[in-house]
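Residue numbering restarts at 1 for every chain, and letters A, B, ... go by the order of the sequence lines.
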Protein chains: 2
Amino acid sequence: MANPMYRQIADGLREQIESGGLQPGEQLPTELELRERYSASRNTVRDAIKWLMNLGLVETRPGQGTFVVKKIAPFVTTLSGDPGTGDGVIFQIQVSKHGRTPYSSPVQVEIQKANAGVGAELGLPEGSQVVSRHQKRFIDGTPWSLQTSFYPRGLAVQGADDLLLADNIEKGAVQYLAETLGLKQVGYRDWITVRAPDATEADFFKLPQDGRVAVFEIFRTAFDQTGTPMRVTVTVFPTDRNQFIVEIGDAPEPRGQQSTEDQGS
Amino acid sequence: MANPMYRQIADGLREQIESGGLQPGEQLPTELELRERYSASRNTVRDAIKWLMNLGLVETRPGQGTFVVKKIAPFVTTLSGDPGTGDGVIFQIQVSKHGRTPYSSPVQVEIQKANAGVGAELGLPEGSQVVSRHQKRFIDGTPWSLQTSFYPRGLAVQGADDLLLADNIEKGAVQYLAETLGLKQVGYRDWITVRAPDATEADFFKLPQDGRVAVFEIFRTAFDQTGTPMRVTVTVFPTDRNQFIVEIGDAPEPRGQQSTEDQGS
DNA sequence: GGGTATTTGTCCGTATGTATT
DNA sequence: AAATACATACGGACAAATACC
């Protein structure tokens, strides 16, 4: 009896879940029933359920019960796309291609002082101003990613006025910059990290506030034909519904989205 | 008073941590002290600390106390390397280049029946046999990743006998296959997911068993000059000490590892 | 090694609040 | 309004891990 009782209870339930005895979406016995079944106090049963919650296996709904989590059908984004295309356009294309419905919110534009990370990445002097363009993205109505692009303020001054327009740029900001300023995006570097969501992100993605579900944070720095960084785009994706693909060298087309276990809705 | 008391206590402590009032590695007040400071019961104080633990801000050590977590200096792996080089060689090069010390355990070789995922990815019929080569990797003595490569059993039969040797192949398995069978790796596809670690992984990486710290799982399918998959490599990396970079098109060299906040030891 | 104090971990019982049906 | 089920909060008891003498 090495393990504490709440772990044994948790393991028992876990086995039922992983063996399929309890299907995704199905309700677990109530705390009272578990208390009797395992001859434990209600608090001990609750500890077991908290453990399973931290593992992401179950979720509780006050007034209803405890349920086996249904996995969200993940969306797979290919990071190694055309080096000359903007992120918004890529999102629309990739999502549509898989028969799902993309939606991008109107762009929220601000002029900000660059913070340390973005300023350094863009190669701007301390305290420079940047144009920030923020968007929320959805797939099939589900909140999917939060994206903010930063452009040097100088670009807008040099003639790319529409960068300051609080509206989607039809052909994408990258294409627009190519047409107005001759700035061609010839490559980018993505820096991928995983962290706990902040309160705003948890709220938007409807994630639990306690940080159980982490988010990807992808910093994309894009370069023009002179090797100068022309934008930094920071996109945040919940890890419970996003996966990524990178293709290097010659790789045949994948056979479609690996839908691990699409447990539908 | 919208928030429950344990959240208020947690927020108070959180502010002290994020403002720097409590430094990484520093000990928090004991449960007894917090109980008096906030006029709450010990269990309520413990709920507050559990909340902070889930957020990854503190850790508890039985018999000692509760401490602000010290972040591990992350290692950044570039996924978009030379399309013709194997993963083991890349690991050695990249880690050494940043002045850190790589170590790869001896290879553990097994012949297995391919599971559904690997078999499909390699394009093998149901139930085919594969050679599995497993390695543990460390950086500066810290467990860093678990890697398993799968090769079609046929390759060993066709003359690549050393695939079955339980030992590191000096120049890397990929180079070895090129020399013996003329199989050149010309590209690969990485599929990046994040999930909770299983018990074995949590144990090896010294992660908490409750799944607070997630792991990256990267499926790399590598292709030979005929477009045929020649290997599948699955690597697991804890998200608390790993980040990734992908470079597409023309991107200048990064200025070195972004050492977010290297909070030393 | 032993003994003791400190600190967190587990487990119990109970009461009351809040969300949902 | 009533019943059900989870959420919060309190108090107490003992166990286990650690540090120190």
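Note that A:R137 lies in the cation-pi zone of A:F91, set by a 6.0 Å cut-off to the ring centre and a 45° limit from the axis.
In this structure, A:L32 atom CG and D:dC6 atom P are separated by 9 Å, rounded to whole Å. Rounded to whole angstrom, the span from the CD atom of B:Q64 across to the P atom of D:dT18 amounts to 7 Å. Computed from coordinates, the A:Y38 OH to C:dC11 C1' distance equals 17 Å when rounded to whole Å. Taking atom OH of A:Y6 as the reference point, atom P of C:dG9 lies 9 Å away to the nearest angstrom. Protein atom CG of B:L28 is 13 Å distant from nucleotide atom C1' of C:dT7, rounded to whole Å. For the pair A:E31 CD and C:dA19 P, the interatomic distance rounds to 16 Å; values are reported in whole Å. Across the protein-nucleic acid pair, A:R35 atom CZ and D:dT4 atom P stand 16 Å apart, rounded to whole Å. Summarising the geometry, the separation between CE on B:M5 and P on C:dT18 is reported as 13 Å, rounded to the nearest angstrom.
Comparing A:R42 and B:T44 against DNA chain D, the residue whose closest nucleotide sits nearer the 5' end is A:R42. Both B:G63 and B:N43 lie close to DNA chain C; mapped to their nearest nucleotides by heavy-atom distance, the more 5′-ward contact belongs to B:G63.
Ring geometry for B:F244 against B:F237 counts as perpendicular: the plane angle is over 60°, on a 0 to 90° scale with 30° as the lower cut. Relative orientation of the B:F138 and B:F204 rings is perpendicular, given thresholds of 30° and 60° on the angle between their planes.
Side chain of A:E110 to backbone of A:H134: no donor-acceptor contact under 3.5 angstrom is found.
Base pairing annotation: D:dA1 forms no Watson-Crick or G-U wobble pair, as no partner gives both donor-acceptor distances under 3.5 Å.
The nucleotide whose nearest atom lies closest to any side-chain atom of B:S41 is, among D:dA9, C:dA19, C:dG9, D:dA9. For B:R46, whose side chain is taken as the heavy atoms from C-beta onward, the closest listed nucleotide among C:dC11, D:dC10, C:dT8 is C:dT8. Distances were taken from every side-chain heavy atom of A:T30 (C-beta onward) to each of D:dC6, D:dA9, C:dG9; the shortest belongs to D:dC6.
The number of heavy atoms from other shown groups lying within 6.0 Å of CZ (A:R7) is above 12.
At C:dT8, one or more side-chain N or O atoms of B:T66 fall inside 4.0 Å of OP1 or OP2 (strictly under the cut-off).
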